[in-house]
There are 2 protein chains.
Amino acid sequence: MGARFEAGSAIGGVLYKDVKQAILAALADGEWKPGEVIPSERKLIERFGVSIGTLRKAIDELVAENILIRHQGRGTFVATHRLEDHFFRFFRIVRQDGHREYPTVQLARFRRAKADKEEAAALGLAVGEAVFRFTNVLSLEGKPVMIDAITVPEERFKTLSEKQLRERPNTLYNFYQDAFGINIIRTEERLRSALADEDDEALLGVPVGSPLLKILRVASSYHDERVEYRVSRLDTTGHEFVLSQP
Amino acid sequence: MGARFEAGSAIGGVLYKDVKQAILAALADGEWKPGEVIPSERKLIERFGVSIGTLRKAIDELVAENILIRHQGRGTFVATHRLEDHFFRFFRIVRQDGHREYPTVQLARFRRAKADKEEAAALGLAVGEAVFRFTNVLSLEGKPVMIDAITVPEERFKTLSEKQLRERPNTLYNFYQDAFGINIIRTEERLRSALADEDDEALLGVPVGSPLLKILRVASSYHDERVEYRVSRLDTTGHEFVLSQP
DNA sequence: TTACATTTGTTCGTATGTATA
DNA sequence: TTATACATACGAACAAATGTA
């Protein structure tokens, strides 16, 4: 059917916004998966019944939001979390002299649990709902620098196992994509200062009472679906959290 | 002269990028000042000899970078740092329950000095060059929560005085615009954890040894000219630093 | 190596809609 | 009401990058 894209006038919105939402819906449905190419512009304007300019404006916004990636001559792709892509968009820990490095990750704990108040609020769950809790220790240059205490809802990660987490070859967010079709596209972080406790001493090797940077992160997928809550504790004696605006 | 915009083919770059740079140059030259309207699209396409689409693409990027602001029916304006605009783009301190509030500022210290190694590196100066150093105490709900130790190069802030800082009616960055024609459009921040010292105890009222969030910020104007270095110390017992990606 | 088809990138322009003064 | 300004939607033509025959 070459019929005009219907959602547009029906919703009464702006046409390119409707096209954008339709593309987002197709992504959320898994019609096009991370790393895959989406149909060419020519095919999409046929599908949606809009002009090239309108389609490009919709895709422009998705590219600006790091959801799609365009490659001239090749096509438009669904963004992934592979190292080469935008790993450092979500990993903002840097050595104090500015040196950037990929961390090595060690799984320290894993268990099923019921969401506490804080986790429930962060993930939009009811208190007591089933979640997985696991802890990673991240090292840079062989030295532990950050503990990530991660909570995900069981509902969206039904088959998650300790073995999988231990054996995953890629980044965690890339693993979410491959194993569960969950695509992290957005995070909100809140940063505080805290003092190290016995647990930090054991895992990071810092004395109790040392100052640590505490990072509370909520990660979301399409349509702001919250899928991960993470509390990180960073030893800032040699490293720091970096941020650029814009 | 309706002659074609020359810089374009000369530089050999992409036309809309050249237009963008030409607009940035005009802004840096002070041809259009913060808060003012820039010429209409019709006048700009005449001036640069490009099509409406090309001009809009250039302006699109400047809008995305928060340098220009478009208002349908009114015109395109140079962004300011007035409270109504994007104050919270640079002030990211929020109460832990999410409540946002404008801080009150108290100037605690002011003096002329010579740049130390850290300041010189941050601002791209030579060690020993003249700078102004001043300290602000920021309060929320009447309670001090953050100390800002600010350093600016004397070269760019020649006439800066303690009186001016004490009497400025607007935000600090708005004051930079009005008094010195300096427009902060970008910051880079590095966050660490630190322990409170006697100075923090005196100004913030927290006990020595309390954990504080330390924020090192370099603020830049057009063309990445670094114009302010700031070390902040935040009491995170009731507040936190927030961040959204994207 | 070359030639060609495909895909996105850039530039051009027109018509109409919406917001503002 | 009118004029002005930006916003949206349309589409043509050509350039540049890519992959493949």
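All of these numbers come straight from a predicted model, not from anything done at the bench. A note on names: the letters A, B, ... follow the listed sequences, proteins ahead of strands, and every chain is numbered from 1.
Counting to the nearest Å, the P atom of D:dT8 and the CG atom of A:D18 are 12 Å from each other. Rounded to a whole Å, the CG atom of A:D60 is 13 Å from the P atom of D:dA9. Atom CG in A:L44 sits about 17 Å away from atom P in C:dT6, given to the nearest Å. In this structure, the CD1 atom of A:I45 is 20 Å from the P atom of D:dT8, given to the nearest Å. When the P atom of C:dT10 is taken as reference, atom NZ of B:K20 falls 12 Å away, rounded to whole Å. The distance between atom CD of B:E61 and atom C1' of C:dT10, rounded to the nearest whole Å, is 12 Å. At whole-Å resolution of the value, CZ in B:F48 and C1' in C:dT11 are 16 Å apart. What separates CG of A:L68 from C1' of C:dT8 is a distance of 13 Å, to the nearest Å.
For A:V50, counting side-chain heavy atoms from C-beta on, the closest listed nucleotide (C:dT7, D:dC10, C:dG9) is D:dC10. Here the nucleotide nearest the side chain of A:S51, chosen from C:dT8, D:dT8, D:dA9, is D:dA9. Of the candidates C:dC12, D:dC10, D:dA7, the closest approach to any side-chain atom of A:L15 belongs to D:dC10. Listed nucleotides: C:dT11, D:dT8, C:dT7. Nearest to the side chain of B:V14: C:dT11.
Taking the six-membered ring where tryptophan is involved, the planes of A:F180 and A:F157 are tilted, since the angle between them lies from 30° to 60°.
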| request: Run the numbers on B:E162 and B:R166 for salt bridge (charged side-chain N to carboxylate O under 4.0 Å, His left out), then give the verdict. | output: CA-CA 6 Å; B:E162 179 165 359; B:R166 221 175 270 288; 2.5 Å; yes

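B:R56 comes within contact range of at least one nucleobase, with a heavy-atom separation under 4.0 Å. Among the heavy atoms of the strands, none lies under 4.0 Å from B:G53.
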| query | Where along nucleotides 14-21 of chain C does protein come under 4.0 Å, by heavy atom, of base (B) or sugar-phosphate alone (S), with - for untouched nucleotides? | reply | B--BBBBS

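OP1 or OP2 of D:dT8 sits under 4.0 Å from a side-chain N or O of A:K57. The shortest distance between the side-chain N/O atoms of A:T54 and the OP1/OP2 oxygens of D:dT8 is not below 4.0 Å. A sub-4.0 Å separation between OP1 or OP2 of C:dT8 and a side-chain N or O of A:T76 is present.
Remark: A:E155 CD is loosely packed, at most 12 non-hydrogen atoms of other residues, nucleotides or ligands lying under 6.0 Å away.
Across all non-hydrogen atoms, the minimal contact from A:R190 to B:V242 is CG-CG1, 3.9 Å. Closest approach of B:L165 and B:L107 over heavy atoms only: CB-CD2, 4.0 Å. Across B:T236 and A:L191, no two heavy atoms sit closer than the pair CG2-O, 4.4 Å.
Note that A:R100 lies in the cation-pi zone of A:F88, set by a 6.0 Å cut-off to the ring centre and a 45° limit from the axis.
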Show the atom names and distances, to 0.1 Å, of all donor-acceptor pairs under 3.5 Å that link a side chain in residues 25-33 of chain B to residues at least two apart or in another chain.
unit_1	atom_1	unit_2	atom_2	d
B:E31	OE1	B:R47	NH2	3.3
B:E31	OE2	B:R47	NH1	2.8
B:K33	NZ	B:G30	O	2.9

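Two end axes, each from the C1' atoms of five base pairs, can be drawn for the helix from C:dT2-D:dA21 to C:dA21-D:dT2; they diverge by 10°, to 10 degrees.
Distance CD/A:E41 to CZ/A:R70: 6.5 Å, rounded to 0.5 Å.
Of the residues listed (A:K20, A:R186, A:R89), the one engaging A:E65 in a salt bridge (Lys or Arg N to Asp or Glu O under 4.0 Å) is A:K20, and it is the only one.
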